[in-house]
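What follows is one structure encoded as structure tokens, with my remarks underneath.
Given the structure is predicted, the values throughout are model-derived calculations rather than measurements. Residue numbers start from 1 in every chain, and the chains themselves are labelled A, B, ... in the order their sequence lines are given, proteins ahead of strands.
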Amino acid sequence: MYALVDGNNFYVSCERVFRPDLNGRPVVVLSNNDGCAVARSNEAKALGIAMGAPWFKIKHLEDEAGLVGLSANFTLYGDMSDRMMSLVAGLGHQQEIYSIDESFVNLAGIRGDLIKRSHQIRRRVMQWTGLPTCIGIAPTKTLAKLANHIAKTVERKPGVYPEHIVGHGVDGSLSQVCHLGLLDVASKQLLFERTEVTEVWGVGPRIGKQLNEAGVHTVLDLVNLDPATVARRWSVVLERTVRELKGQPCIALDHEPPARQQIACTRSFGHPVTERHEIEQAVTEFASRAAEKLRKQDHRASALLTFIRTSPFRRQDEQYSASMVYPLIRPTADSTQLVKAALTNLARIYKPGFNYAKAGVMLMDLSPASQEQLELGDWALELNEQDACTTSEAERARMIVAMDSLNQRYGKGTVKVASAGAHRTTTLRPGQPDRNQRNWQMKQARRTPRYTTCWAELAVAKG
DNA sequence: TCTGGGGTCCTAGGACCC
DNA sequence: TCTGGGGTCCTAGGACCC
């Protein structure tokens, strides 16, 4: 049995903990540059504000309906999330943190009344963090998500589900806590019949539309499909969803999720940017931050992608979008090298005369640092005096660690890479590179010699 | 002149999630 | 004027090899 616990209107609830005056009012939390709504209070949802609605289109509701728009504070939400997650973990023995506001909990081996236990956890989270939550319980993760949806809907929209099933009062009702495992077949069928198929985890707008066209409108319709047919007509992914809805677990709990396979840092500018140096500045920042995330998970990257693009929303503008991958022969987490790579890419794809709206840096082909250490050792042996940098590998490593801890302590961007000198070398990394690296190497060989950078230009930017 | 078939790897693109 | 920022997984098709 699995539980899915999630925070209601999470970002808005976090804000309300410190701004109780916002209770009962329509509130949205806005993305970077106050671009669009990424969280909505129930009151804001009732106004018909969609997820992702651009602020400039809903701003008029400030005057008309008392709507409050808040700029996001993701650091705060992250902290609140950590506290919530540690409390929720007490619900069972294993927890998978699925997103900033959601976690699955494995309830195997937990005896006693799961509903009472869930309500206790909800009360504790509320008492200790001020965050409201809902909990769905079921034999599979997909069903637990569905149960959670039902728990929220019962609370928010009375009348959607038959009253004789969802009940009233706290412990006997499906509001806030919904345990599908305890319901009889007929009741479940009724709930499924009243739930749109697009509410199912794994069914997005596209597949939803296709299902509708095939006459599948409700969860009940989907459950009743034959999995083999679904696999043939749609995909093995949707087949898994159908099986999970039937109660057959196909998606396991990841209580120790694997390290990220890629790391991205991208932003919209908020206003059209044409100046090359402005984009260079942004790309430098993105590469540095991505590198920090990379070191935090103790990995190295073997490739870096830089992209820039104009805004598809500005129809009157000529559109341009380009990206380029920079292969790193020796996997690295060194900010200087990564910034250098990002800027080299940028120089190749940047074209003057366009109104740029967005840029980003992605690190790819990540591998654990431990593996890298060995390779680093081998590589260092091959360095001859000509190739050697002014600082040693060990010094560089110490500097990176110092940089990260300063940034962590005094805030993002306290210390950053300002510029980098490049020294051409042609040393190739020995050992057995994996397939991707070999591929990168081949491409690299056709393109440019490798750059090694020095740490002489590390600059303190703030304070 | 006739022009296989199976396997693997890689990439791009599409779908989904929050 | 102003339209988020992350991620994952799967599949189809091309390139290449034997």
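Between F307(A) atom CZ and dG4(C) atom C1' there is a gap of 11 Å when expressed in whole angstrom units. K59(A) has its NZ atom 16 Å from the C1' atom of dT3(C), to the nearest Å. One can place CD of Q261(A) at 9 Å from C1' of dC9(C), the figure rounded to the nearest angstrom. If you measure from atom CG of L238(A) to atom P of dC9(C), you get 18 Å, rounded to the nearest angstrom. Between the CG atom of N73(A) and the P atom of dG5(C) there is a distance of 16 Å, given to the nearest Å. Atom CD1 in I97(A) sits about 16 Å away from atom P in dG7(C), given to the nearest Å. Atom CG in L366(A) sits about 14 Å away from atom C1' in dG6(C), given to the nearest Å. When rounded to the nearest whole Å, the span between CG of L305(A) and C1' of dG6(C) equals 15 Å.
Using a 4.5 Å cut-off on side-chain heavy atoms (C-beta onward), M126(A) and P132(A) make contact. Looking at Y161(A) and T195(A), their side chains come closer than 4.5 Å, going by heavy atoms from C-beta outward.
Here the rule is salt bridge (charged side-chain N to carboxylate O under 4.0 Å, His left out) with E43(A), and of R16(A), R25(A), R156(A) only R16(A) fits it.
For the atom pair D101(A) CG and N8(A) CG, the distance stands at 9.0 Å (nearest 0.5 Å). Separating the CG atom in N9(A) from the SG atom in C14(A) is a distance of 10.5 Å, to the nearest 0.5 Å. In this structure, CG on L343(A) lies 11.0 Å from CG on L338(A), to the nearest 0.5 angstrom.
Note on K358(A): every side-chain N or O is 4.0 Å or more away from OP1 and OP2 of dG4(C). Contact annotation: R314(A) side-chain N/O to dT3(C) OP1/OP2 distance is not under 4.0 Å. For S235(A), no side-chain nitrogen or oxygen approaches OP1 or OP2 of dC10(C) to under 4.0 Å. In this model, the phosphate group of dC9(C) is not approached by any side-chain N or O of R240(A) to a distance below 4.0 Å at OP1 or OP2. When the side-chain nitrogen and oxygen atoms of S99(A) are compared with OP1 and OP2 of dG7(C), none of them lie within a distance under 4.0 Å.
Classified by interplanar angle (parallel below 30°, tilted 30° to 60°, perpendicular above 60°), the ring pair F104(A)/Y98(A) is perpendicular. Under the 30°/60° scheme for interplanar angles, the aromatic rings of F74(A) and Y11(A) are found to stand perpendicular.
Separating the C1' atom of dC17(B) from that of dG4(C) is a span of 14 Å, rounded to the nearest Å.
Counted by atom type alone, T218(A) and E193(A) present zero donor-acceptor pairs between their side chains at under 3.5 Å. When only modelled atom types and interatomic distance are considered, D34(A) and S71(A) share a side-chain donor-acceptor pair under 3.5 Å.
Panel note: side chain S175(A), backbone V154(A); no donor-acceptor pair is recorded below 3.5 Å. In this structure, N33(A) contributes its side chain and S268(A) its backbone to a donor-acceptor pair below 3.5 Å.
Interface residues of residues 8-17 of chain A facing DNA chain C, ordered by number: none; criterion, heavy-atom separation under 4.0 Å. Near DNA chain B, meaning a heavy atom under 4.0 Å away, there are no residues from residues 26-49 of chain A. Contacts of residues 128-149 of chain A with DNA chain C (heavy atom under 4.0 Å): none. The stretch residues 204-225 of chain A touches DNA chain B through G204(A), P205(A), R206(A), I207(A), each having a heavy atom within less than 4.0 Å of the strand.
Applying the side chain to side chain donor-acceptor pair (under 3.5 Å) test to pairs two or more places apart or on separate chains, those with a residue in residues 86-95 of chain A are Q94(A)-N106(A), Q94(A)-H255(A), Q95(A)-S103(A).
The residues K209(A) and E213(A) are annotated as salt-bridged, a charged nitrogen and a carboxylate oxygen being separated by less than 4.0 angstrom. Using a 4.0 Å cut-off between a side-chain N of Lys or Arg and a carboxylate O of Asp or Glu, R295(A) and E292(A) do not qualify as a salt bridge. Taking the charged nitrogens against the carboxylate oxygens, E96(A) and K141(A) do have a contact shorter than 4.0 Å, which makes a salt bridge.
Toward the 5' end of DNA chain C, the nearer of the two residues I263(A) and P272(A), judged by each one's closest nucleotide, is P272(A). Heavy-atom nearest nucleotides on DNA chain C were determined for K57(A) and for V236(A), and the one closer to the 5' end corresponds to K57(A).
Across dG7(C), dC18(B), dC2(C), the shortest atom-to-atom separation from the side chain of K293(A) is found for dG7(C). Relative to the side chain of F313(A), the nucleotides dC18(B), dG6(C), dT3(C) differ in distance, and dT3(C) lies closest.
Where DNA chain B pairs in unbroken runs of 3 or more (Watson-Crick or G-U, both distances under 3.5 Å), the stems are B:5-18 with C:5-18.
Using a 4.0 Å heavy-atom criterion, one finds that G270(A) contacts the sugar-phosphate atoms exclusively.
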Q.
E239(A) vs T241(A), test: side chain to side chain contact (heavy atoms under 4.5 Å, CB included). Steps then yes/no.
A. CA-CA 5 Å; E239(A) 179 200 4; T241(A) 299; over 6 Å; no

- [ ] Test R240(A) against E244(A) for salt bridge (Lys or Arg N to Asp or Glu O under 4.0 Å), laying out the working first.
- [x] CA-CA 6 Å; R240(A) 227 162 21 212; E244(A) 282 245 323; over 6 Å; no

